[in-house]
Visitor: 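Below you will find the structure I want to go over with you.
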Amino acid sequence: MVASDALDALSNAPPLYWAYYETKVYLSDSGLWLIWQQSALSDRVPLATGCPWQPLVQRLPLRAQIFRLAMRKALIAANWKCHGSLTMVDEYAAVLEHSQNAEIAVFPPAVFLARYASKAANRSDCGIQDLGVAVSGAHTGEIAGDMVRAVGGRWVIVGHSERRHDQMESDDLVAKKLNAAVNAGLRPILCIGETEQQRDAGNALAVVEHQLRVALAGINVSQIYAGAIAYEPIWAIGTGRTATPRQAQDMHVGIRAVLRSLDVDAALATRIIYGGSVNAENASALFSQADIDGALVGGASLQLDTFTRIIAAVA
Ligand code: PEP
């Protein structure tokens with residue numbers, strides 16, 4: 001869960017060199033972030049300049065500050081798909097809570113969203129599984145981002161493979177939905193992933209990179225920091241056949257490299273979560289990988305006990 005890129009670079013740098021990094025500190029819902037960037041000498045900014053938490057930050061040794069500030073808090077999300085009931089909404093909303101280690105987001109069917117939000121009362125978050133592109137108008141069946149926010153939803157899943165496949169959502173439409181989501185102030189989980197054939201042909205990373213670049217081209221990349229990217233290999237979704245921790249970690253490293261090529265801060269700050277047959281048994285091995293920042297859980301999120309065990313697997 002640590003920002004390994006930042007830590008590697010900084011632990012190899014002699015202390016004085018750190019002054020040559022431009023630093024920005026943000027407090028967001030997902031934690032306290034140190035965002036750094038190599039910059040010209042004339043641009044140097046002391047660590048935590050302008051940060052309202054500076055007195056607290058300064059009490060820590062410099063290495064500890066960097067370690068602490070560069071953490072990405074895990075995100076564990078439950079995608080109920082077309083499952084669930086009012087009873088289930090009430091049970092989950094009463095039990096689930098964000099913790100020091102993990103942020104929780106539940107995605108019930110849209111008709112249950114308002115009730116989830118009111119019952120959860122911010123102890124956990126909720127969101128919608130898909131979003132219309134339009135902000136309003138004659139678009140029967142569509143739901144706009146402002147409406148989601150009006151009932152207490154904060155998140156949206158964009159580009160889930162079931163929608164790409166069943167509803168034939170193209171990469172371009174996914175990009176428009178991502179744009180609509182961030183413009184409405186929702187936190188997106190952008191799903192990307194390859195088919196088994198694409199993996200067997202050795203094209204997994206190229207496919208995922210293409211999906212990612214097309215989607216992010218529709219927004220300012222910094223708008224993804226507050227959300228997450230979900231790597232969901234299609235062959236692992238609902239099949240019981242999860243990617244190995246190594247396979248997932250390798251792809252997450254590839255995704256982070258694509259982010260870095262677009263925006264250094266995005267590579268450091270954005271959570272990349274894994275989805276595809278995550279369960280209570282395989283969760284901790286997946287979460288122990290440096291670049292796996294949580295999970296998008298489908299089937300195993302439908303049992304509250306199983307889902308809470310997955311949350312507990314975050315170290
Ligand atoms: C999903 O639907 O996003 C998903 C990962 O499903 P499952 O956990 O059932 O594979």
Side-chain angles (χ1 to χ4, degrees), residues 75 77 79 81 107 127-133 145 155-183 186-239 241-243 247-267 269-278 286 289 291-298:
L75 170 66
N79 177 12
K81 311 188 185 190
F107 296 83
I128 194 162
Q129 298 170 15
D130 177 45
L131 187 70
V133 168
W155 289 85
V156 56
I157 296 176
V158 177
H160 192 282
S161 61
E162 285 154 13
R163 294 205 61 84
R164 290 179 189 259
H165 183 262
D166 301 350
Q167 267 68 39
M168 289 171 289
E169 288 191 3
S170 65
D171 288 339
D172 287 340
L173 181 57
V174 170
K176 289 193 179 108
K177 291 190 171 194
L178 183 64
N179 181 283
V182 298
N183 284 340
L186 290 171
R187 304 170 75 183
I189 298 183
L190 171 65
C191 298
I192 51 179
E194 81 286 357
T195 63
E196 186 166 26
Q197 290 83 345
Q198 288 164 333
R199 176 163 281 263
D200 289 347
N203 295 332
L205 182 57
V207 167
V208 164
E209 175 168 358
H210 177 76
Q211 292 171 341
L212 183 59
R213 286 190 187 277
V214 174
L216 293 180
I219 61 170
N220 177 330
V221 180
S222 65
Q223 293 175 302
I224 198 74
Y225 300 175
I229 292 167
Y231 168 55
E232 297 212 306
I234 295 167
W235 46 270
I237 295 180
T239 58
R241 193 184 142 205
T242 189
Q247 283 173 319
Q249 166 65 12
D250 286 351
M251 184 59 86
H252 285 219
V253 167
I255 292 169
R256 213 175 286 292
V258 175
L259 285 176
R260 193 178 302 111
S261 74
L262 296 170
D263 177 321
V264 173
D265 292 354
T270 307
R271 286 170 290 186
I272 305 175
I273 63 176
Y274 169 78
S277 297
V278 174
L286 288 161
Q289 302 296 310
D291 289 278
I292 299 183
D293 304 317
L296 180 54
V297 187

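Numbering of residues begins at 1 and proceeds along the displayed sequence.
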Visitor: For a side chain to side chain contact (heavy atoms under 4.5 Å, CB included) check, start with the C-alpha distance between Arg163 and Lys177, then their side-chain angles and the critical distance, and finish with the verdict.
Guide: CA-CA 12 Å; Arg163 294 205 61 84; Lys177 291 190 171 194; 4.2 Å; yes

Visitor: Could you state the interatomic distance from CG (Leu173) to CE (Met168), rounded to the nearest 0.5 Å?
Guide: 11.5 Å

Visitor: If you measure from CD1 on Ile292 to CE on Met251, what distance do you get to the nearest 0.5 Å?
Guide: 11.5 Å

Visitor: Hey, could you give me each pair passing salt bridge (charged side-chain N to carboxylate O under 4.0 Å, His left out) that has a residue in residues 211-238? Not counting sequence neighbours.
Guide: Glu209-Arg213

Visitor: So Ile255 and Ile192, side chain to side chain contact (heavy atoms under 4.5 Å, CB included) or not? Walk me through it.
Guide: CA-CA 10 Å; Ile255 292 169; Ile192 51 179; 3.9 Å; yes

Visitor: Using the ring of each side chain (for Trp, its six-membered ring), is Tyr274 parallel, tilted or perpendicular to His252, with breaks at 30° and 60°?
Guide: tilted

Visitor: Count the heavy atoms belonging to other residues, nucleotides or ligands that lie under 6.0 Å from NZ of Lys176, then report whether that count exceeds 12.
Guide: no

Visitor: Test of understanding: with side-chain contact (heavy atoms from CB on, under 4.5 Å), list the residues that count as partners of Gln223, not counting sequence neighbours.
Guide: Val182, Asn183, Ile219, Asn220

Visitor: Within the structure provided, determine whether Arg241 and Glu196 are in side-chain contact (heavy-atom separation under 4.5 Å).
Guide: yes

Visitor: Between CD1 of Ile273 and CG of Leu286, what distance do you get to the nearest 0.5 Å?
Guide: 12.0 Å

Visitor: Check the pair Asp171 / Gln211 against side chain to side chain donor-acceptor pair (under 3.5 Å), numbers first and verdict last.
Guide: CA-CA 6 Å; Asp171 288 339; Gln211 292 171 341; 4.8 Å; no

Visitor: Within the structure provided, determine whether Glu169 and Asp130 are in side-chain contact (heavy-atom separation under 4.5 Å).
Guide: yes

Visitor: Given side chains that start at C-beta, do those of Asp263 and Leu216 come closer than 4.5 Å, heavy atoms only?
Guide: no

Visitor: Any side-chain heavy atom of Val158 within less than 4.5 Å of one from Val174?
Guide: yes

Visitor: Working note: Leu75 + Trp155, criterion side chain to side chain contact (heavy atoms under 4.5 Å, CB included); need CA distance, chi angles, decisive distance, verdict.
Guide: CA-CA 12 Å; Leu75 170 66; Trp155 289 85; 3.7 Å; yes

Visitor: Should Ile229 and Ile224 count as side-chain neighbours, where that means a heavy-atom distance under 4.5 Å?
Guide: yes

Visitor: How many angstroms lie between atom NE2 of His165 and atom CD1 of Ile234, to the nearest 0.5 angstrom?
Guide: 8.5 Å

Visitor: Rounded at 0.5 Å granularity, tell me how far CG in Leu259 sits from OG1 in Thr270.
Guide: 5.5 Å

Visitor: Evaluate Gln197 against Trp235 for side chain to side chain donor-acceptor pair (under 3.5 Å), listing each step before the verdict.
Guide: CA-CA 9 Å; Gln197 290 83 345; Trp235 46 270; over 6 Å; no

Visitor: Nearest 0.5 angstrom please: Arg187 CZ to Tyr225 OH, how far?
Guide: 14.5 Å

Visitor: Which pair of non-hydrogen atoms, one from Ser277 and one from Thr242, has the smallest distance, and what is that distance?
Guide: O-CB, 3.8 Å

Visitor: Between Ile272 and Arg256, is a side chain to side chain contact (heavy atoms under 4.5 Å, CB included) present by the stated rule, with each step listed?
Guide: CA-CA 8 Å; Ile272 305 175; Arg256 213 175 286 292; 3.7 Å; yes

